[in-house]
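Residue numbers start from 1 in every chain, and the chains themselves are labelled A, B, ... in the order their sequence lines are given, proteins ahead of strands.
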Number of protein chains: 4
Amino acid sequence: MSMHPDFQPKPTELVYEAVAQHIAARIETGELKPDEPLPSERRLAHEYGVSLGSARHATRLLRYRGLVVTVRSKGTYVAERPAREEIAHARGPR
Amino acid sequence: MSMHPDFQPKPTELVYEAVAQHIAARIETGELKPDEPLPSERRLAHEYGVSLGSARHATRLLRYRGLVVTVRSKGTYVAERPAREEIAHARGPR
Amino acid sequence: MSMHPDFQPKPTELVYEAVAQHIAARIETGELKPDEPLPSERRLAHEYGVSLGSARHATRLLRYRGLVVTVRSKGTYVAERPAREEIAHARGPR
Amino acid sequence: MSMHPDFQPKPTELVYEAVAQHIAARIETGELKPDEPLPSERRLAHEYGVSLGSARHATRLLRYRGLVVTVRSKGTYVAERPAREEIAHARGPR
DNA sequence: GTGGTCTAGACCACA
DNA sequence: GTGGTCTAGACCACA
């Protein structure tokens, strides 16, 4: 169903949280680079085999966490590294 | 971003409505006078920092409201005062 | 290109008008019945091989002409016969 | 004025013919490759320092001569080689 | 050099 | 998963 073999949410997990963490990992590993666009929300929904609403919830979560920035009518982009680290600190060091 | 310092649409506002109201105010104050041409739609898009489509939507609105008249291939002009007042009355006094 | 073999707009025609008339004919023949939903605008765009904007323009036209009613977030439906006939009369018999 | 140093139409030449021939030469030399888009007509007008109308006249000429194909709302593209040669023959060998 | 039409495709509010 | 809004930018008809 999903195009991402690593993406196997446990039945107990929230689907949008699982998607968000999977995308976050793709950013962390550099597969998705700063200032590059994420796939569109429709495409993410399709790639992960989830509903459009869940894909949106996932990108909203990433936005709140500072990992991505959304430009209306243009797309959602991976945030630049400094912005991402500031946010990570605000939530406390790992 | 925009050349008009007063023009700061809130993210919740419709962009074309905000542009239309800003232009309407410029007509009201006499900055744009009867029978004078508005800036072209391309120029309005640039001045307000919006897409051509939104600028066109804004002038269409002003046309419906009787504030301007459009002549194809020529331009869009501020309507003469009587026409503007008729319309204003039809919608009821403020 | 398009899924509707009858749909062959001439290059001189307005695309959205051609799409609107083709859909109107499908309503007239009973292929699309009162209170039934039209295909979504995205689907219409795909079926007729036009952009989403043109498909939207076509349904807007049908709405103005009273042939369909649109419910936001739900879809666009074929208007009930009485409403359609009122409108047709208002424009005069053919 | 113009960005193309080679482009120096003689005062006796038709401007659009001179532009068309300059673009034809850019295709011939491979600077503009098959299936690649030409600059937009607005951009061509700017690059060659001519009016928008002259730029359009030039691309229309190239279209008649089979050197480019225009896709409405998309752009104008260098024709594939076979198509170009057929046309050249129809006009007689060089 | 204007307004008109059109493409392709993004996110948003809502149900 | 719909219609609504919006971006960016193409060619077209006309004056």
Side-chain angles (χ1 to χ4, degrees), chain A residues 37-46 51-56 59-60 63 70-77, chain B residues 9 11-19 37-46 49-60 63 68-77, chain C residues 9 11-19 37-46 49-60 63 68-77, chain D residues 37-46 51-56 59-60 63 70-77:
Chain A
L38 256 60
S40 75
E41 294 179 336
R42 267 193 155 72
R43 184 159 183 75
L44 286 175
H46 192 256
S51 76
L52 188 50
S54 295
R56 276 175 193 152
T59 54
R60 199 185 314 142
R63 194 156 49 243
T70 291
V71 182
R72 170 86 190 243
S73 301
K74 297 297 290 290
T76 295
Y77 300 84
Chain B
T12 60
E13 275 183 316
L14 296 179
V15 167
Y16 60 79
E17 180 66 51
V19 171
L38 257 61
S40 76
E41 295 178 336
R42 271 170 187 83
R43 186 161 181 74
L44 287 174
H46 191 256
V50 302
S51 76
L52 182 52
S54 294
R56 286 181 50 65
H57 203 151
T59 54
R60 196 188 314 145
R63 195 154 51 243
V68 304
V69 290
T70 293
V71 182
R72 184 161 177 164
S73 304
K74 300 283 296 214
T76 296
Y77 300 84
Chain C
T12 59
E13 276 183 317
L14 297 179
V15 167
Y16 60 78
E17 180 67 51
V19 171
L38 257 59
S40 77
E41 293 178 337
R42 272 172 186 82
R43 185 160 181 73
L44 288 174
H46 191 255
V50 302
S51 76
L52 182 53
S54 294
R56 284 181 52 64
H57 203 152
T59 55
R60 195 189 315 145
R63 193 155 53 242
V68 303
V69 290
T70 293
V71 183
R72 183 160 178 164
S73 304
K74 300 283 296 210
T76 296
Y77 300 83
Chain D
L38 255 60
S40 76
E41 295 179 336
R42 267 193 154 72
R43 186 161 181 74
L44 286 175
H46 193 255
S51 76
L52 188 48
S54 295
R56 275 175 196 152
T59 55
R60 199 185 314 142
R63 193 154 53 241
T70 293
V71 182
R72 170 86 191 244
S73 300
K74 298 297 289 294
T76 296
Y77 300 85

Taking atom [atom2] of [N] as reference, at what distance in whole Å does atom [atom1] of [X] sit?
X: D:R63; N: F:dC11; atom1: CZ; atom2: C1'; answer: 9 Å
X: B:E13; N: F:dG4; atom1: CD; atom2: C1'; answer: 17 Å
X: B:L52; N: E:dG1; atom1: CG; atom2: C1'; answer: 13 Å
X: B:R56; N: F:dG9; atom1: CZ; atom2: P; answer: 17 Å
X: A:R60; N: E:dC14; atom1: CZ; atom2: P; answer: 12 Å
X: B:R43; N: F:dG9; atom1: CZ; atom2: P; answer: 18 Å
X: C:L44; N: E:dT7; atom1: CG; atom2: C1'; answer: 17 Å
X: D:R42; N: F:dC12; atom1: CZ; atom2: P; answer: 13 Å

**Message:** For E:dT7 and C:S54 - does any side-chain N or O of the residue sit under 4.0 Å from the phosphate oxygens OP1/OP2?
**Reply:**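 True: C:S54 side-chain N/O within range (under 4.0 Å) of E:dT7 OP1/OP2.
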**Prompt:** Does a side-chain N or O from A:S40 land closer than 4.0 Å to OP1 or OP2 of E:dA10, or not?
**Reply:**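 Yes, because at least one side-chain N or O of A:S40 sits under 4.0 Å from OP1 or OP2 of E:dA10.
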**Request:** Starting at the 5' end of DNA chain E, write a dot or bracket for each base, bracketing those in Watson-Crick or G-U wobble pairs whose two distances are under 3.5 Å and using | for partners on another strand.
**Result:** ||||||||||||||.
What are the two closest non-hydrogen atoms of [X] and [Y], and how far apart are they?
X: B:T59; Y: B:E41; value: OG1-OE2, 2.9 Å
X: C:Y16; Y: C:A58; value: O-CB, 3.5 Å
X: B:V50; Y: B:A55; value: CG2-N, 4.1 Å

Could you work out which one of [options] sits closest to the side chain of [X]?
X: B:L14; options: F:dC6, F:dT2, E:dT5; value: F:dC6
X: D:R72; options: F:dG4, F:dC12, F:dT7; value: F:dC12
X: A:K74; options: F:dA8, F:dC6, E:dC6; value: F:dA8
X: B:S73; options: F:dT7, E:dT2, E:dT7; value: E:dT2

**Message:** Any base atoms under 4.0 Å from C:T76, or only sugar-phosphate, or nothing? Heavy atoms, all strands.
**Reply:**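 Result for C:T76 = sugar-phosphate.
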**Item:** Chi angles and distances behind the side-chain contact (heavy atoms from CB on, under 4.5 Å) call for A:R56, A:R42
**Value:** CA-CA 9 Å; A:R56 276 175 193 152; A:R42 267 193 155 72; 4.2 Å; yes
**Asked** If you pin C:V50 and B:T70 to their nearest nucleotides in DNA chain E, which one's is more 5'?
**Response** B:T70
**Prompt:** If you round to the nearest 0.5 Å, how far is NE2 of D:H46 from CZ of D:R43?
**Reply:** 8.0 Å
**Item:** Which residue lies more 5' along DNA chain F, comparing B:Y16 with C:E41 via nearest heavy atoms
**Value:** C:E41
**Request:** Take B:S51 and C:P39, find for each the nucleotide of DNA chain F with the closest heavy atom, and name the residue whose nucleotide sits nearer the 5' end.
**Result:**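 Here C:P39 is the residue nearer the 5' end.
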**Message:** Testing D:T70, D:V71, D:L38 one by one against D:Y77 for a side chain to side chain contact (heavy atoms under 4.5 Å, CB included), which residue passes?
**Reply:**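 Only one option passes, and that is D:V71.
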